[in-house]
Amino acid sequence: MLIRTPRSRVLPFDVVSELRTTFPDPASLSVIPVYDLLQAAARGYAGIDQRFIRAILDRGQAAVPDLLRFGLEEHEDDRVDLEEDLIAMFRYLRPEQALPFYVACIRRAPEDVPDDLVEGILPFGQKAVEPLLELHRKLEEDQTADVAFLLANLKVRDSRVLDLLLERLEYDAADGAFCLGLYGDPAAKPALQKMLAEIPPDDAELRREFEFALEQIDSPQESKPEASLEPEPFDIWALYPDEAPPPFEVLTSAEVLEMLESESAANRASAAESFRNREVDAPARTRLFEHAKNDPVAHVRACCWEALADADEEQIRAAMKRVSADESLDLVERCGALVGLCNSADEPEVARRMREFYAEPKTRAKAMEAMWRSFDRQFATYFPKHLDDADLEVKRQAVWGTGYMGLSAEASKLASLFDEDDLRQDALFAYALCVPGEIARGRVRGLLRKVDKVAGGLSQGETELVKIALDQRLVMHRLEPVFSEEHESEGWGEESETAPAMQPTAAALATVGRNDLCPCGSGKKHKKCHGA
């Protein structure tokens, strides 16, 4: 599921309230038309999880017309790109009608055909040849590599396919040889042998490509028809979590507030949590405060208190203090109120309560979260001792606290957690925040390379995560970020003599306060921008 920048668009039906009141009850989802479910998900009103996918796939082939209708439409204005999810569902259902959708996906991005799309098309065998040839004719030559690969991989003997691959050989010798070897037609041997004879001896790599292609053609080919080849077993459920909230980050505040009225406690809690990463305006503060006081579920009340952490109203702050101190209340709610008080850690009463909650194993993780969210270094010594804690959540909060407190001496301990699947992303982020190194815009790309090396290589998603952490680190030292989109486009942060002066002064090294304006120039408070 890919997230796009939100755009204003009104759905032609009122599916918002329907999902708000029924989600996540699988029985209720199953009676909503598939097309409406997809429209709602593309708008950001539903989480894409196993419940959502099952509500569609349990209908079997009856779901195909709506899946195809949605898949063949243009979705430029959608907030959430569902193409990968549609491909997965079509691969699971394997309907004959899926072929036009697959070809449409290739047409939209012919130079970047994903593996799952290839796996979806291959079982069509002969039926896929004509539409792929037609698509190939409409593309520019430099866009055709993946389509040629697909046609070769189908292994359907067709003179048009052979001619196309021979033309590919003339355009790109290495790629053409690879495709012809994969295709396996002996009729390609003369062209390969002729070109191989013309390749200089010192071009060993290209010669190996041609020699390998000829070996493949000479090797015994599978005798059973290509169209009967069964695809690898496809486990769609491994792609999705059991439960996931809607992607609140793409919704407006008003839409999230609507979700806050959901009959689902999980949705209400997730809606409240989403306000921790957006500005909480007066209407949102009012609604969150009402739910914090009156919601029937303690976890929802806790999430609302946490979302109100930046509220300056004395009435709200006083209520948080009362809740956190009231031993008759649910500990979950009291912990939420304590985290909501993170900006008041300079008050002795609040700091004392954080330590009291820390002293109790049941509330230690939330107390540590309140401590590191305070950015108050009076709590810096609490985190290192828990980097090997047996309690996973305590350990996670220790990781975040170590990073945000800038405890460089503990960076190697954070690096040792990279191999723990449950903590790798947390540890990468925290490590980037505190790994020893000069805090300067011209050096931050070097830090990125260092993290990549220590981590044994970063995935694309991990690289983006580390970039965010490094930008936060710069901002916390009153320097402009390097990796954010606007700065990337300007070419800032390059390690060159032409880069702006990047050596921070002693004053600049002081941590930016949560209520200060963010130095990145966004106009937002630091706590709502790079300090979020």
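Computed from a predicted structure; not experimentally measured.
- A salt bridge (Lys or Arg N to Asp or Glu O under 4.0 Å) with E347 is found for exactly one of K321, R317, R352, namely K321.
- Of the candidates R473, R373, Q472, Q472 is the only one forming a side-chain hydrogen bond (donor to acceptor under 3.5 Å, both in side chains) with Y404.
- Using a 4.5 Å heavy-atom threshold, the side chains of H386 and Y358 count as touching.
- The structure places CZ of F101 at 4.5 Å from CG of L86, a figure rounded to the nearest 0.5 Å.
- By the 4.5 Å heavy-atom criterion applied to side chains, K450 and K453 are not counted as neighbours.
- The minimum heavy-atom distance between L338 and A370, with the atom names listed, is O-CB, 3.8 Å.
- With R168 contributing its side chain and D175 its backbone, the two residues share no donor-acceptor pair below 3.5 Å.
- At distances below 3.5 Å, at least one donor-acceptor pair connects side-chain atoms of R287 with backbone N or O atoms of L257.
- Side-chain contact between Y171 and T144 is absent, with no heavy atoms from C-beta onward closer than 4.5 Å.
- Remark: side-chain polar atoms of H75 are paired, donor with acceptor, to backbone N or O of F70 under 3.5 angstrom.
- Taking every heavy atom of both residues into account, M405 and D376 meet most closely at CE-O, 3.2 Å.
- Q216 has its side chain out of reach of F178: every pair of non-hydrogen atoms, C-beta onward, lies at least 4.5 Å apart.
- Looking at heavy atoms from C-beta onward, R334 lies in side-chain contact with F357 at the 4.5 angstrom threshold.
- Looking only at distances, no side-chain donor or acceptor of D49 sits under 3.5 Å from a matching main-chain atom of P241.
- More than 12 heavy atoms of other residues, nucleotides or ligands lie within 6.0 Å of CD in E198, so this atom counts as buried by the packing criterion.
- Between L458 atom CG and R449 atom CZ the span is 13.0 Å, to the nearest 0.5 Å.
- Note that the CG atom of D391 and the CZ atom of R364 stand 8.5 Å from one another [nearest 0.5 Å].
- When the shell of 6.0 Å around CD of E462 is examined, it contains more than 12 heavy atoms from other residues, nucleotides or ligands.
- Within the model, atoms CG of L132 and CG of L150 stand 6.0 Å from one another, a figure rounded to the nearest 0.5 Å.
- Between L474 atom CG and E480 atom CD the span is 10.0 Å, to the nearest 0.5 Å.
- Residue T252 comes nearest to R79 through the heavy atom pair CG2-NH2, 4.0 Å, listed as atom of the first residue, atom of the second, then distance.
- With hydrogens and angles disregarded, a donor-acceptor distance shorter than 3.5 Å links the side chain of N343 to the backbone of A309.
- Other residues, nucleotides and ligands contribute over 12 non-hydrogen atoms within 6.0 Å of the CG atom of D142.
- What you find for A411 and P436 is that their closest heavy atoms are CB-CD, 3.8 Å.
- Salt bridge status for E369 with K366: present, with a side-chain N to carboxylate O gap under 4.0 Å.
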Is there a salt bridge (Lys or Arg N to Asp or Glu O under 4.0 Å) between R276 and E306? Walk through the geometry before answering. CA-CA 7 Å; R276 294 173 68 165; E306 292 181 17; 2.2 Å; yes
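- Scanning all heavy atoms of the two residues, the minimum distance from L414 to C434 falls at CD1-SG, 3.5 Å.
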Trace of the side-chain contact (heavy atoms from CB on, under 4.5 Å) decision for Y92 with I53: CA-CA 11 Å; Y92 181 87; I53 298 297; over 6 Å; no
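- No close placement of the Y240 and F52 rings is indicated, their centers lying 6.0 Å or farther apart.
- In this structure, D281 contributes its side chain and A284 its backbone to a donor-acceptor pair below 3.5 Å.
- Counting heavy atoms from C-beta outward, L38 and M89 have side chains that approach closer than 4.5 Å.
- A donor-acceptor pair is defined here as one N or O able to donate and one able to accept, closer than 3.5 Å; no such pair exists between the side chain of S270 and the backbone of N267.
- R396 places a side-chain N or O within 3.5 Å of a backbone atom of D422 that can act as its donor or acceptor partner.
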Audit row: W372, Y382, ring-ring contact (aromatic ring centres under 6.0 Å, His included) steps and yes/no: CA-CA 10 Å; W372 71 255; Y382 285 77; over 10 Å; no
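- With hydrogens and angles ignored, the 3.5 Å screen pairs no side-chain donor or acceptor of R268 with any backbone N or O of M259.
- Between L417 and A427, the shortest heavy-atom contact is CB-CB, 3.9 Å.
- Between the CD atom in E273 and the SG atom in C304 there is a gap of 9.5 Å [rounded to 0.5 Å].
- The backbone N or O of F248 lies less than 3.5 Å from a partner atom in the side chain of R278, making a donor-acceptor pair.
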Walk me through whether D310 and V280 qualify under side-chain contact (heavy atoms from CB on, under 4.5 Å). CA-CA 8 Å; D310 297 327; V280 182; over 6 Å; no
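- No more than 12 heavy atoms of other residues, nucleotides or ligands shown are found within 6.0 angstrom of CG on D115.
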Check the pair F275, S253 against side-chain contact (heavy atoms from CB on, under 4.5 Å), reporting the backbone distance first and the verdict last. CA-CA 8 Å; F275 277 102; S253 292; 4.1 Å; yes
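- Counting heavy atoms from C-beta outward, R355 and Q378 have side chains that approach closer than 4.5 Å.
- The shortest distance between side-chain heavy atoms of D146 and I106 does not fall below 4.5 Å.
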In sequence, state the C-alpha distance, the side-chain angles, and the governing distance for K467 and D471, and then conclude on side-chain contact (heavy atoms from CB on, under 4.5 Å). CA-CA 6 Å; K467 285 180 177 182; D471 268 355; 5.7 Å; no
